[in-house]
Colleague: 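Before we start, here is the structure in question, set down as C-alpha cells.
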Amino acid sequence: MIIISSREFRNNQAAYLDRVDNGDEILVQRGKNKAYRITSITDVDTVIGKDFILAPDDNLRKAITFDELLVGVKEDLKEILCADKITK
C-alpha cells in the first residue's frame, strides 16, 4: 500500500491511477483525520448487476415520479393546514 498526500495525488494523478491499474492500493491522506483508499473496481464490486435491473412492465409504467409524489404531498398538506384553520 502506498500512502500519499492529497496534493501529491492531485499533482501526479495519472501515475498513481496507473499504479492502481497494476494492482497497487493507494491511501490518500487528507489533513490529519481523513484518508481515502483507491483501488480498482472489478466485476465483483458492482453494486447493481445486470440481472437486477428491472425491465419495463405494467407496475413500472404505473409508478409515479418523485415530482408527482411531491405534488400529492403538497396537496395533502394544503388539506391538513386548511382543515386545521377551519376547526379553530
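Remember, it's a predicted structure, so these values are computed and weren't measured experimentally.
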Colleague: May I have the list of side-chain donor-acceptor pairs in residues 25-38 shorter than 3.5 Å, sequence neighbours left out?
Modeller:
residue, atom, partner, partner atom, Å
Q29, NE2, G31, O, 3.1
Q29, NE2, K34, O, 3.3

Colleague: May I have the step-by-step check of side-chain contact (heavy atoms from CB on, under 4.5 Å) for F9 and L17, ending in yes or no?
Modeller: CA-CA 9 Å; F9 178 73; L17 292 177; 4.3 Å; yes

Colleague: For D24, enumerate each residue passing the side chain to side chain donor-acceptor pair (under 3.5 Å) test, keeping only those at least two apart in sequence or located in another chain.
Modeller: R19

Colleague: Listed by chain and number, what are the side chain to side chain donor-acceptor pair (under 3.5 Å) partners of N12, not counting sequence neighbours?
Modeller: E8

